[in-house]
Amino acid sequence: MSTRIAFLKGHGTENDFVIVPDPENAIDLPPAAVAALCDRRAGIGGDGLLHVVRSAAHPEAGEMAAEAEWFMDYRNGDGSIAEMCGNGVRVFARYLQHAGLVSEGDLAVATRGGVKRVHLAKNGDVTVGMGRARLPEGDVTVSVGERSWPARNVNMGNPHAVAFVDDLAHAGNLYAPPPFSPAAAYPDGVNVEFVVDRGPRHVALRVHERGSGETRSCGTGACAVAVATARRDGTDPAVTGTPVTYTVDVPGGRLVITERPDGEIEMTGPAVIVATGEIDTEWLENAVG
């Protein structure tokens with residue numbers, strides 16, 4: 001392990017991340033190291049970790065290198081690997097701009113969920129092309145305490161269960177993953193969104209992110225919610241032929257989600273770098289050891 005490891009801290013609608021630049025994929029980041037860094041009391045603190053690697057230097061991203069120079073090797077706060085993180089992609093792109101590696105305009109970012117198209121706007125917002133949603137068949141139910149709700153199964157490169165509720169407080173404390181059934185619907189766990197209406201094409205959510213607990217925001221979750229709400233409202237763009245946009249309030253701010261008739265989804269919101277520093281490698285080695 002390097003004797004000095006640089007890091008940054010950033011957030012997108014208060015979904016916060018430890019950022020570790022490592023262009024040549026030279027830093028070993030086992031799950032225990034990631035969990036230690038993301039620990040809010042004993043570490044730096046974050047919902048997840050963004051490992052910044054050149055696509056050509058990472059075995060999972062080499063095939064995407066011709067299309068996207070940079071790979072977002074994303075980890076959940078508990079150290080587990082995730083396919084995608086929508087807010088994470090925005091913060092990842094903001095880091096690349098902060099480091100002088102890209103400028104305003106369009107770029108491509110490789111992720112385990114495929115190559116994502118990103119636009120860095122002059123006003124500071126970042127728009128990410130999130131791809132298309134898949135809507136697996138079958139009924140799903142989620143529960144909290146004695147309450148249970150039918151949920152829409154939406155896959156945004158990672159799995160989501162979207163439940164419409166009367167009051168966001170009904171989601172409980174969200175410390176533990178809300179139970180769901182059938183178990184076979186999500187063999188590797190699921191992100192669960194609880195949703196209320198705020199107005200025309202305007203909803204609010206709380207989310208339990210798989211591997212992280214309740215977070216202040218979830219980009220793929222906001223997209224899943226917009227897709228589920230459009231189907232509930234009868235505004236499916238594939239049916240109407242017209243794009244539909246939903247404002248999605250999250251505890252940490254606001255995201256704007258647009259779904260187009262071809263199924264492509266775009267998410268727009270802020271992304272901020274708040275700090276830079278160096279990791280004490282002796283501490284990290286002891287935390288892992």
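As a basis for the values below, the full set of heavy atoms in this structure was taken, side chains included, without hydrogen atoms, waters or symmetry mates.
- A 4.5 Å side-chain heavy-atom check between Leu8 and Pro21 finds at least one atom pair inside the cut-off.
- A continuous path of hydrophobic side-chain contacts links Val192 to Leu174 [ILVMFWY only; heavy atoms under 4.5 Å].
- The local environment of CG in Asp262 is crowded, with over 12 non-hydrogen atoms from other residues, nucleotides or ligands closer than 6.0 Å.
- Each of Glu63, Glu60, Glu83 was compared with Arg112 under the salt bridge (charged side-chain N to carboxylate O under 4.0 Å, His left out) criterion, and only Glu60 meets it.
- Contacts of Arg206 classified as salt bridge (Lys or Arg N to Asp or Glu O under 4.0 Å), with partners at least two apart in sequence or in another chain: Glu214.
- Qualifying side-chain hydrogen bond (donor to acceptor under 3.5 Å, both in side chains) partners for Thr235, counting only residues two or more places apart in sequence or in other chains: Tyr246.
- No side-chain heavy atom of Met84 sits under 4.5 Å from any side-chain heavy atom of Met156.
- In this structure, the salt bridge (Lys or Arg N to Asp or Glu O under 4.0 Å) partners of Arg216, at least two apart in sequence or on a different chain, are Glu14.
- A salt bridge is defined here as a Lys NZ or Arg NE, NH1 or NH2 lying under 4.0 Å from an Asp or Glu carboxylate O, and Arg117 with Glu67 meets this definition.
- A donor-acceptor pair under 3.5 Å is absent between the side-chain atoms of Asp22 and the main chain of Val53, judged by distance alone.
- Residues in residues 274-283 take part in these salt bridge (charged side-chain N to carboxylate O under 4.0 Å, His left out) pairs, two or more places apart or across chains: Arg4-Glu278.
- The side-chain heavy atoms of Arg90 and Leu255, taken from C-beta on, include a pair separated by under 4.5 Å.
- The backbone N or O of Ala271 sits less than 3.5 Å from a side-chain atom of Arg94, completing a donor-acceptor pair.
- Under the 3.5 Å distance criterion, the side-chain polar atoms of Arg210 are matched with a main-chain donor or acceptor of Asp188.
- Between Arg198 and Val203 the shortest side-chain heavy-atom distance does not fall below 4.5 Å.
- Using a 4.5 Å heavy-atom cutoff, the side chains of Val20 and Val18 are in contact.
- Between Cys223 and Ile265, the closest heavy-atom pair is SG-CG2, 3.9 Å.
- Residues Leu50 and Tyr95 have side chains not in contact (no heavy-atom distance under 4.5 Å, counting atoms from C-beta outward).
- Sorted by first then second residue, the salt bridge (charged side-chain N to carboxylate O under 4.0 Å, His left out) pairs that include residues 35-45, not counting sequence neighbours, are Asp16-Arg40, Arg40-Asp47.
- Inter-residue side-chain proximity for Asp197 and Arg232 is flagged as met; some heavy-atom pair is nearer than 4.5 Å.
- For Thr215 (side chain) and Ser217 (main-chain N/O), a donor-acceptor pair under 3.5 Å exists by modelled atom type.
- Panel note: side chain Asn153, backbone Ala161; no donor-acceptor pair is recorded below 3.5 Å.
- Counting heavy atoms from C-beta on, the side chains of His51 and Tyr74 never come closer than 4.5 Å.
- Other cluster members for Val272: Val274, joined by side-chain heavy-atom distances under 4.5 Å among Ile, Leu, Val, Met, Phe, Trp and Tyr.
- At a threshold of 4.0 Å, the pair Arg147-Asp167 does not count as salt-bridged, since none of the basic side-chain nitrogens sits closer than that to a carboxylate oxygen.
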